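Worksheet for the structure shown next.
Bear in mind that the values here come from a model prediction, so they are computed numbers and not experimental data. Only this structure's heavy atoms are used, side chains among them; waters, hydrogens and symmetry mates stay out. Per chain, numbering begins at 1; letters A, B, ... match sequence-line order.
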Protein chains: 2
Amino acid sequence: MREFLRTKGFKMTPQRELIFRSFFEMGKHVSVDELYDKVRQQDSSVGYSTVWRNLKLICKVGLAEEVNLGDGVTRYDRATETPHGHFYCVDCKKLTEFDMDNIVGQLAIISRDNDFVPSGFKIEIQGRCRACREKEATPKKTTDAQAEAQKP
Amino acid sequence: MREFLRTKGFKMTPQRELIFRSFFEMGKHVSVDELYDKVRQQDSSVGYSTVWRNLKLICKVGLAEEVNLGDGVTRYDRATETPHGHFYCVDCKKLTEFDMDNIVGQLAIISRDNDFVPSGFKIEIQGRCRACREKEATPKKTTDAQAEAQKP
DNA sequence: CGGCCAAATGAAAACGATTTTCAATTTCGA
DNA sequence: TCGAAATTGAAAATCGTTTTCATTTGGCCG
Ligand SMILES: [Mn+2]
Ligand SMILES: [Mn+2]
Ligand SMILES: [Zn+2]
Ligand SMILES: [Zn+2]
């Protein structure tokens with residue numbers, strides 16, 4: 001790793017080492033805050049901006065990429081060998097993955113047909129996961145139009 | 001429109017009327033600022049929050065939906081009869097659309113196979129549009145590792 | 001082994017889009 | 001017409017992201 005970074009012109013530091021290791025230990029879809037918390041458990045002197053910068057660096061060197069679900073928080077997803085898509089449960093907000101190998105071909109065709117040279121594909125499927133369907137909870141009826149309209 | 005909203009418990013106002021009309025007159029992928037500017041051309045007394053709230057309302061009643069490309073700005077996309085995906089040019093940032101009818105079937109199958117009940121699909125293809133490829137401009141070599149790493 | 005200098009760090013501040021607050025105004029059904 | 005509920009505009013609050021800046025550190029070179 002140290003060597004890998006060095007060849008790209010970056011130095012290794014204790015903080016960086018810890019941040020990189022922590023990131024890869026954590027699951028997928030990690031937010032800055034989550035990683036920051038994890039890192040601070042090991043070394044509470046590491047700064048937030050250092051975590052943020054290193055997360056950006058991890059993306060820059062191609063080891064992860066940002067994921068935006070429109071919930072206001074950027075998450076970082078460890079790069080996978082084969083491209084994958086995301087199921088986003090609108091109830092519990094859980095993010096799960098699926099392989100998109102068999103679809104990439106079609107996306108490439110669509111791109112070609114539209115005179116567009118693709119470099120990356122993102123597929124997000126919103127819906128409800130099994131767990132949430134089984135809970136089948138709170139119908140939660142509309143009562144106050146304004147509250148519904150103006151509040152999240 | 002007035003009637004449509006009334007049945008959902010919302011009132012019509014001059015501002016709302018103007019905002020809705022302006023939104024549908026504009027192209028796709030409109031940001032709050034863009035719509036705000038357009039609206040102010042007609043009536044400079046309309047407030048920013050009113051524009052924002054009505055954009056949210058348009059989504060709530062199903063006439064549009066938010067689009068997030070991770071560039072920090074939420075855009076609002078008029079709902080289309082048939083679902084469509086987006087080509088996002090990494091150079092000029094232009095967003096163009098493509099029909100995804102022929103892929104939706106597969107996405108539905110993938111969802112079923114993963115025990116997920118889908119309610120919406122989003123496909124984003126990053127790459128370069130024709131215009132940008134033809135410009136084929138500025139190779140822009142890396143010179144300062146830190147600058148490259150820490151600045152956008 | 002020093003010395004040097006770009007890279008890296010941490011704290012704090014800046015940013016900027018989004019969202020909320022609140023008092024005043026308006027809509028629309030009873 | 002009246003009044004409750006919705007809407008509005010201005011301003012402030014939020015809050016994740018990004019930058020600034022003074023200081024420290026890593027790693028290459030002699
Ligand atoms: Mn993922
Ligand atoms: Mn669109
Ligand atoms: Zn769920
Ligand atoms: Zn382009």
request  = Consider only side-chain N and O atoms of B:Asn114 and A:Thr96, and report whether a donor and an acceptor are under 3.5 Å apart.
outcome  = no

Separation of [N] [atom2] from [X] [atom1] (nearest whole Å):
| X | N | atom1 | atom2 | result |
| --- | --- | --- | --- | --- |
| B:Glu17 | D:dA6 | CD | P | 21 Å |
| B:Leu18 | D:dG9 | CG | P | 10 Å |
| A:Asp71 | D:dC15 | CG | P | 14 Å |
| A:Leu55 | C:dA8 | CG | P | 15 Å |
| A:Lys8 | C:dA7 | NZ | P | 16 Å |
| A:Leu57 | C:dT9 | CG | C1' | 13 Å |
| A:Trp52 | C:dA11 | CH2 | C1' | 15 Å |
| B:Arg75 | C:dA17 | CZ | P | 11 Å |

request  = Starting at the 5' end of nucleotides 23-30 of chain D, put B wherever the base has a protein heavy atom under 4.0 Å, S where only the sugar-phosphate does, and a dash everywhere else.
outcome  = ---BSS--

message = By nearest heavy atom, map A:Gly72 and B:Asn54 onto DNA chain D; which one lands nearer the 5' end?
response = B:Asn54

request  = For A:Glu65, enumerate each residue passing the salt bridge (charged side-chain N to carboxylate O under 4.0 Å, His left out) test, keeping only those at least two apart in sequence or located in another chain.
outcome  = none

Over all atoms of both residues, closest heavy-atom pair of A:Val51 and A:Ile19 = CA-CD1, 3.7 Å

inquiry  = Can you work out whether B:Tyr76 or A:Thr50 has the more 5'-proximal nearest nucleotide on DNA chain C?
reply    = A:Thr50

inquiry  = Return whichever of B:Tyr48 or A:Val51 has its heavy-atom-nearest nucleotide of DNA chain C closer to the 5' end.
reply    = A:Val51

Under 4.0 angstrom between [X] side-chain N/O and [N] OP1 or OP2:
| X | N | answer |
| --- | --- | --- |
| A:Arg16 | C:dT9 | yes |
| B:Lys56 | C:dT19 | yes |
| A:Ser49 | C:dA12 | no |

query = Are any non-hydrogen side-chain atoms of A:Asp77 and A:Glu97 less than 4.5 angstrom apart?
reply = yes

ask   = With the 4.5 Å side-chain cut-off for hydrophobic clustering, are B:Phe98 and A:Ile125 part of the same group?
value = yes

query = Would you find a donor on one side and an acceptor on the other, under 3.5 Å apart, between the side chain of A:Arg133 and the backbone of A:Arg128?
reply = yes

task = Would you confirm whether B:Arg78, through its side chain, and B:Leu63, through its main-chain N or O, come within 3.5 Å as a donor-acceptor pair?
result = no

task = Answer yes or no: side-chain N or O of B:Ser31 and base N or O of C:dA17 forming a donor-acceptor pair under 3.5 Å.
result = no

key: Parallel, tilted or perpendicular, as decided by the 30° and 60° cut-offs, for the rings of B:Tyr36 and B:Tyr48   = perpendicular

message = I'd like to know if A:Glu134 pairs up with A:Arg130 as an ion pair, taking the criterion as any Lys NZ or Arg NE/NH1/NH2 lying under 4.0 Å from an Asp or Glu carboxylate oxygen.
response = yes

key: Angle of first-five versus last-five pair axes in the helix from C:dC1-D:dG30 to C:dA30-D:dT1, to 10 degrees   = 30°

request  = Give one of base, sugar-phosphate or nothing for B:Asp33, where a contact means two heavy atoms less than 4.0 Å apart.
outcome  = nothing

task = Applying side-chain hydrogen bond (donor to acceptor under 3.5 Å, both in side chains) between A:His86 and each of A:Glu124, A:His29, A:Gln126, report the one that passes.
result = A:His29

